[in-house]
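Side chains are part of it too, since the values below use all heavy atoms of this structure and drop only hydrogens, waters and symmetry mates.
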Number of protein chains: 2
Amino acid sequence: MSDKPVSIRDVAERAGVSPGTVSNVMNGSKPVNPALAARVREAARELGYQADRAGALLRTGKARIIAVLVPDLDNPFFTSIVSAVESCLSDQGYEIIVASSNGDEATEQSRLAAMLAWRPAGLVVIPCSDEFPTRALIERTRIPYVVADRITRDPSADTVSVDNVNAGTIGAQHLLELGHRNILVAASVLSLGNIRERCAGIAETLARAGAPEPTFLEAGNHFERAAVRIFQWLEENPWPTAILALTNFTTLGALAALADRQIAVPRPISLIGFDDYAWMRARATPLTAIRQPVPEIGAAIWARLKARIEGDTAPPAHIQLECSLKVRASTAPPSPQDGISTNAG
Amino acid sequence: MSDKPVSIRDVAERAGVSPGTVSNVMNGSKPVNPALAARVREAARELGYQADRAGALLRTGKARIIAVLVPDLDNPFFTSIVSAVESCLSDQGYEIIVASSNGDEATEQSRLAAMLAWRPAGLVVIPCSDEFPTRALIERTRIPYVVADRITRDPSADTVSVDNVNAGTIGAQHLLELGHRNILVAASVLSLGNIRERCAGIAETLARAGAPEPTFLEAGNHFERAAVRIFQWLEENPWPTAILALTNFTTLGALAALADRQIAVPRPISLIGFDDYAWMRARATPLTAIRQPVPEIGAAIWARLKARIEGDTAPPAHIQLECSLKVRASTAPPSPQDGISTNAG
DNA sequence: TTGTAAGCGTTATCAC
DNA sequence: GTGATAACGCTTACAA
């Protein structure tokens, strides 16, 4: 009906009190006579009053907004993090604003600047590279932030990630136990620290067992590209007995390459995927996979951010959560002759 | 360095002009002497000035924010819509704020109210039900909005959806051409109009061809539940020669059920999936699927919203985009004996 | 316990 | 073409 939103003054007038009192009632910032408070609440309800957050923001300088910046909103891992964080803070009076850097530093910079203009209470960033040059931009604002997933070296803020070394280790361990010694690692890009750590966990585990060093293939951050890279590699090299994928997209790339090449799983090639999605289970040969604890990651991010927003000044915390191996049907002991097989074309 | 963000006054002082002039320069709302403008821009750059959007919001009453409300942020179809919209408006000075209603009307209501408190310039809603009771809440605000995907009857706002009848038709047509007459439709919930329309397209196409009516199975909106429903149905009924899934989650459910039941695809049962994701291609038997044109949906949403924000008062537009059938390997003619097969247990 | 008033940063209106 | 000034809705000292 009314063209303009109801303001705090409308409520005050209707309840016969001052705007300040309405504010105190709505925010509980100061005790108010119960009878009055009831009258105010009644008036607010009748008018459908919803405080305009612009006024509050202007006055307090802090929006009840959490800005989330991810490298790719089409990557289900990143959106699952967004979802996990959203479900934590939605009932705490915060709103979430999202942007994608498209894996590009210039875009990261400009999207970040745009979101910062809202003076959000906190920030969640999955940087597009380990350089994280936009960190300076953030730190000038003094806004609390958490770096997630991709941890830059020398982080001066809270970080939340998985134990990437261990993630690699449990994958390699599983393959070793099955008897694999000839392993292809389908990495995304080795310029990312988290990927390098996963590789390190694998390399170390294999080395300790006296197994030959695996091949680390950089397959990129996109499904299509990963598929052709892995396909080509399988064309040009003796086959491994197992592939260990280090991201969800390289998992898909490996699956596509194996399918195109008509190579069955788990024999002649076993496959361990990364992350855990419904489609990994919905297959004739469900995928063995390294699961990242996404809900826990989201909860940890919010816990740190919330603490900082509320004034926690402890030194930066670096939270690491453990991945777990979901053993399903895509991994099996290599068949005896596979150990010496070469690409028969 | 400085604890407080630089304001327009800081810039004005440094450039030796008035705040109003700075505003005019930054927004281009009024012509300004080029020399002065340059000085202002220089000062802004030096100070790293970024206009505080709270002030602007308070003054203009409209935030350059688009609020997006979806039923489930863990459903890749919905997040792909968010991503498509985000990529449209990110370079137009808009920010996107997202929330999930979790498929619940009360949550939808409260999340919507919370987002509305930011006085967003526009709204994108995928309602959690066709009732869409929150519509009243939105319309009181006079904020332009677009209803996407799930179209309520009697919509008084712009809508963007796919041609659901045709989506069903092309799926059924494909199966008919292959010779299938015994079809199971894996629907999500029949209370949703878009699902009913897909069913209608199927039913009509089959009827016109003189084929028997298919079975419409309500498998729900979640993967796990859909999997068990379809599994059970296959236990208790003679097998169809083809399954036509009407959402991404029922596609996964069907795949999981078939895998659990150790039923191969496309024989004895062909399968058409809904939506088009990388995992559908990354299989030994890539999925034939009905693809929704997600980027185009996002673009259409933004086009309508943008027009409304800029004052377009044309009657509500109801945009329908066409789905396309991606024929891959999960559909094939039924084997001769399948026409009379029953569940052999 | 409640009311009053200042002020947050911006933009729009008005003189100049 | 530019500068002063008021106003947006809210919170929060401070006064009553």
Side-chain angles (χ1 to χ4, degrees), chain A residues 2-41 43-44 47-65 93 114 116-121 141, chain B residues 2-41 43-44 47-65 93 114 116-121 141:
Chain A
S2 64
D3 250 60
K4 293 185 55 115
V6 289
S7 86
I8 200 170
R9 266 189 281 270
D10 301 324
V11 179
E13 194 175 342
R14 177 158 193 130
V17 300
S18 77
T21 302
V22 175
S23 174
N24 287 331
V25 170
M26 303 304 278
N27 303 323
S29 29
K30 267 192 178 180
V32 171
N33 181 314
L36 254 198
R39 226 166 67 220
V40 168
R41 259 185 273 273
L47 295 172
Y49 171 67
Q50 178 91 35
D52 184 330
R53 309 194 81 154
L57 168 52
L58 192 51
R59 181 63 227 238
T60 62
K62 281 279 164 276
R64 287 182 78 87
I65 280 184
L116 253 18
W118 284 104
R119 317 285 184 239
T141 68
Chain B
S2 62
D3 250 60
K4 295 183 54 116
V6 289
S7 87
I8 199 170
R9 266 190 280 270
D10 302 323
V11 178
E13 193 174 344
R14 178 160 192 129
V17 299
S18 76
T21 302
V22 175
S23 173
N24 288 331
V25 170
M26 302 304 279
N27 303 322
S29 30
K30 266 191 176 180
V32 171
N33 181 315
L36 254 199
R39 226 165 68 222
V40 168
R41 259 186 273 273
L47 296 172
Y49 170 67
Q50 178 92 35
D52 185 330
R53 309 195 81 156
L57 169 52
L58 189 53
R59 181 63 228 235
T60 62
K62 281 278 163 277
R64 286 182 78 88
I65 280 184
L116 253 19
W118 285 104
R119 317 283 184 241
T141 68

Quick one: pull up [atom1] in [X] and [atom2] in [Y] and give me the separation to the nearest 0.5 Å.
| X | Y | atom1 | atom2 | answer |
| --- | --- | --- | --- | --- |
| Arg9(B) | Tyr49(B) | CZ | OH | 10.0 Å |
| Asp10(A) | Lys4(A) | CG | NZ | 9.5 Å |
| Arg53(B) | Ile65(A) | CZ | CD1 | 10.0 Å |

What is the separation between atom [atom1] on [X] and atom [atom2] on [N], rounded to the nearest whole Å?
| X | N | atom1 | atom2 | result |
| --- | --- | --- | --- | --- |
| Lys30(B) | dT13(C) | NZ | C1' | 8 Å |
| Gln50(B) | dG9(C) | CD | P | 15 Å |
| Lys62(B) | dT11(C) | NZ | C1' | 15 Å |
| Ile8(A) | dT2(C) | CD1 | C1' | 14 Å |
| Met26(B) | dG9(C) | CE | P | 16 Å |

Describe the nucleic acid contact of Ala56(A) in one word from base, sugar-phosphate, nothing, applying a heavy-atom distance below 4.0 Å.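 If one applies the 4.0 Å heavy-atom cut-off, Ala56(A) turns out to touch the sugar-phosphate alone, with no base involved.
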Within the 4.0 Å heavy-atom criterion, would you say Leu36(A) contacts the bases, only the backbone, or no part of the nucleic acid?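 If one applies the 4.0 Å heavy-atom cut-off, Leu36(A) turns out to touch the sugar-phosphate alone, with no base involved.
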Check your understanding: Does the dT11(C) base have a donor-acceptor partner in the side chain of Arg59(B) within less than 3.5 Å?
Key ->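 Side chain to base: pair present.
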- Query: Taking the side chain from Arg39(B) and the backbone from Ala15(B), do they hold a donor-acceptor pair closer than 3.5 Å?
  - Reply: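 A pair under 3.5 Å: yes.
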For the pair Arg64(A) (side chain) and Gly93(A) (backbone), establish whether a donor and an acceptor sit closer than 3.5 Å, ignoring hydrogens and angles.
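Answer holds: yes.
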Please list, in 5' to 3' order, the outermost nucleotides of DNA chain D lying under 4.0 Å from any heavy atom of chain A.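 Range of nucleotides touched by chain A: dG9(D) to dC14(D).
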Presence of Ser23(B) side-chain N/O under 4.0 Å of dT11(C) phosphate oxygens OP1/OP2: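 Result: yes.
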* For dG3(C), does either OP1 or OP2 sit under 4.0 Å from a side-chain N or O belonging to Thr21(A)? ->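 So the side-chain polar atoms of Thr21(A) do come within 4.0 Å of the phosphate oxygens OP1 or OP2 of dG3(C), strictly under.
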Shortest non-hydrogen separation from Val22(B) to Ile8(B) and the atoms involved: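 For Val22(B) and Ile8(B), the tightest heavy-atom pair comes out as CG1-CG1, 3.5 Å.
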Please indicate whether Glu13(A) has more than 12 foreign heavy atoms, meaning atoms of other residues, nucleotides or ligands, lying under 6.0 Å from its CD.
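Check fails, neighbour count at 12 or below.
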Between Asn24(A) and Arg9(A), just flag the one whose closest nucleotide in DNA chain D comes earlier from the 5' side.
->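 Of the two residues, Arg9(A) wins.
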